[in-house]
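The structure under discussion appears below in the form of structure tokens.
Heavy-atom basis, side chains included; hydrogens, waters and symmetry copies ignored. Whatever order the structure lists ligands and atoms in, that order sets their numbers, starting from 1. In this chain, residues are counted from 1 in sequence order.
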Amino acid sequence: MDKQLQTNVAHGLHGQLAVPGDKSISHRAIMIGSLATGDTLVHHFLTSADCLATLQAFKDLGVQIERQGDEVVVHGVGMHGLQPPHHALQMGNSGTTTRLMMGLLAGLAFDTTLIGDDSLSKRPMRRVSEPLREMGANIETTDGHLPVVVLGQPLTAAEIQLKVASAQVKSALIFAGLQATGKTVIHELLPTRDHSENMLKAFGADLEVSSDQMTIRVGQTDQLIAQTVQVPGDMSSAAFFMVAATLIPGSDVTLTNVGLNPSRRGLLDVLVQMGGRVEVSETVSAGESVGDIRVQSANLHPINLTAEQIPAIIDELPLVALLAAKADGISTIHGAEELRVKETDRIACVEQELGKLGANVKALPDGFVIDGRTPWQGHDTVLDSHGDHRIGMMLGLAALLVDRKLTLKHADAVGVSYPEFFDDLNTLLEA
Ligand code: S3P
């Protein structure tokens with residue numbers, strides 16, 4: 001679907017917005033709720049394509065799940081209650097569903113085939129199947145990609161050093177560890193988002209995280225107890241409006257009830273370092289920090305990011321590139337090679353698409369060099385999300401800063417994580 005983008009906005013974004021539920025937490029609520037004993041209630045579930053793929057996959061595994069809008073009830077079947085599906089499970093575009101399920105299915109008593117869309121079928125899966133093999137898992141990939149066949153096997157605990165900083169890989173191993181005999185020990189390369197650990201602990205799993213967040217110990221767990229999960233607003237969705245409000249003069253926006261988990265809030269630190277005007281009011285709810293974020297427009301300074309800072313801002317890096325392309329100097333982003341294997345090669349896409357607008361963005365193997373002092377003097381009129389939700393939404397904001405008509409190709413990709421994105425943007429622009 002092509003979409004005519006709003007360009008050249010006269011006055012900024014205003015008002016309050018409660019963004020949809022967190023994508024990572026919504027996936028995990030369905031997965032962990034399914035393995036639990038009892039009914040898990042999920043409030044503010046994200047009803048985007050990715051999370052609905054997870055929901056459908058667990059229905060296909062025999063779990064009864066009821067949904068009304070963003071309220072979900074998962075009737076858990078217990079650690080050993082999933083049933084063999086009648087067909088291959090459709091993962092759609094969702095890397096999180098695929099990778100976490102590879103670990104979750106590896107120790108079961110039946111075989112499962114996982115398939116996905118074209119983009120997902122190009123993404124690397126050996127990063128999950130290889131460490132799982134150290135626990136005795138038998139997973140056949142197709143040259144390292146989907147389709148993947150998980151041949152359920154009894155698993156044995158292992159001590160595993162991760163080779164990539166990835167919450168998806170870590171979580172797959174944690175799910176396998178719940179079913180393996182003995183104590184599985186996982187050493188992270190860098191600390192990554194810890195929603196699996198937080199939620200599993202709340203459901204009663206035998207799981208400990210070291211004080212430096214680098215080591216996770218998981219014991220075999222026979223029973224998880226159903227809980228109520230209040231999903232906070234997704235920081236990665238709020239991020240779009242935080243960036244738009246910063247860049248568009250005269251803006252003053254408050255995003256309410258946003259998840260502020262330390263492993264996800266890198267953009268807040270980056271905005272402050274760049275000279276952004278950000279106020280955060282924070283409370284703790286069910287083990288996760290949540291709060292309201294007020295952002296006003298500001299003039300920006302450049303930033304330099306390195307590998308240690310990347311995991312907490314991984315999904316927001318296309319937005320950081322946009323901020324840097326309007327800052328008063330040269331920014332560098334290093335250590336972000338993971339961007340090359342996201343829904344698209346996000347390094348190449350950001351360079352190409354912001355380049356069409358005249359922004360001075362140079363791709364590096366592991367990031368970018370961006371000179372924000374270069375005036376945007378592009379002439380292209382057609383931008384492309386390349387089917388990547390976060391690239392599409394970032395370009396929707398970039399267009400607001402441009403003074404000519406622009407069309408976005410494959411705009412419907414935003415439905416993967418934020419189907420109402422353009423409506424919510426309009427509401428804040430019209431307020
Ligand atoms: C996610 C982890 C991240 C992130 C993705 C969601 C998760 O991927 O980019 O959008 O829910 O665990 P990696 O862990 O592979 O970096």
Side-chain angles (χ1 to χ4, degrees), residues 20-32 45-46 48-51 53-54 57 91-104 116 119-120 122-131 162-175 186 188-200 213 216 229 231-232 234-240 259 261 263-267 288 307-320 335-347 349-350 366-367 388-394 413-414 416-418:
D22 185 275
K23 180 157 83 70
S24 294
I25 296 178
S26 294
H27 283 301
R28 287 158 172 84
I30 299 291
M31 295 179 181
I32 297 172
F45 176 75
L46 174 62
S48 76
D50 262 19
C51 296
T54 295
M91 305 285 102
N93 188 247
S94 180
T96 307
T97 314
T98 312
R99 297 200 176 114
L100 270 57
M101 289 193 71
M102 285 168 70
L104 193 151
S119 147
L120 185 60
K122 291 191 189 107
R123 298 181 65 186
M125 295 300 158
R126 281 203 186 109
R127 55 176 52 202
V128 188
S129 61
E130 281 180 358
L162 294 186
K163 298 200 177 83
V164 279
S166 164
Q168 295 180 350
V169 178
K170 171 180 67 175
S171 300
L173 294 168
I174 291 175
F175 277 121
I186 303 158
E188 287 226 69
L189 200 57
L190 288 172
T192 60
R193 66 188 69 189
D194 56 0
H195 305 300
S196 301
E197 295 91 311
N198 293 345
M199 199 181 292
L200 281 167
Q213 313 283 307
I216 298 106
V229 179
V231 182
D234 197 325
M235 170 63 90
S236 297
S237 297
F240 293 99
N261 180 309
S263 64
R264 297 286 300 284
R265 58 192 284 166
L267 182 68
E288 293 266 3
E308 303 73 53
Q309 294 159 287
I310 298 300
I313 198 169
I314 183 75
D315 290 338
E316 286 65 75
L317 289 172
L319 287 171
V320 177
E337 56 277 358
E338 276 296 300
L339 283 187
R340 295 230 177 246
V341 290
K342 292 294 178 189
E343 285 80 335
T344 54
D345 176 342
R346 287 186 176 157
I347 294 179
C349 285
V350 166
D366 64 341
D388 183 329
H389 54 131
R390 298 199 199 283
I391 298 292
M393 292 187 274
M394 183 276 286
V414 305
V416 158
S417 65
Y418 197 164

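Taking all heavy atoms of K342, E338, R99 into account, the minimum distance to atom 16 (O) of ligand 1 is reached by K342. Taking all heavy atoms of R28, R193, K170 into account, the minimum distance to atom 2 (C) of ligand 1 is reached by R193.
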>> salt bridge (Lys or Arg N to Asp or Glu O under 4.0 Å) for D234 and R264? Distances and angles first, verdict last.
In response: CA-CA 9 Å; D234 197 325; R264 297 286 300 284; 2.9 Å; yes
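Protein heavy atom closest to atom 11 (O) of ligand 1, with residue, atom name and distance, is S24 OG, 2.7 Å. Protein heavy atom nearest atom 14 (O) of ligand 1, with residue, atom name and distance: A167 N, 2.7 Å. Considering only non-hydrogen protein atoms, atom 6 (C) of ligand 1 sits nearest to T96 OG1, 3.4 Å. Among protein heavy atoms, atom 15 (O) of ligand 1 sits closest to S166 OG, 3.0 Å. Nearest protein neighbour of atom 4 (C) of ligand 1, counting heavy atoms only, is D315 OD2, 3.3 Å. Looking at atom 1 (C) of ligand 1, its nearest protein heavy atom turns out to be Q168 NE2, 3.6 Å.
Nearest heavy atoms, M235 versus G259: CB-O, 3.6 Å. Residues I310 and A336 share a closest heavy-atom pair of CD1-CB, 4.0 Å.
Between L339 and I314, the closest side-chain pair of non-hydrogen atoms falls below 4.5 Å. Taking the side chain as every heavy atom from C-beta outward, K170 and S166 never approach each other to under 4.5 Å.
Ligand 1 places these atoms under 4.0 Å from at least one heavy atom of K23: 10 (O).
Between the E188 side chain and the T192 main chain, a donor and an acceptor come within less than 3.5 Å of each other.
S24 and H195 are not linked by any side-chain donor-acceptor pair at a separation below 3.5 angstrom, with hydrogens and angles left out of the test.
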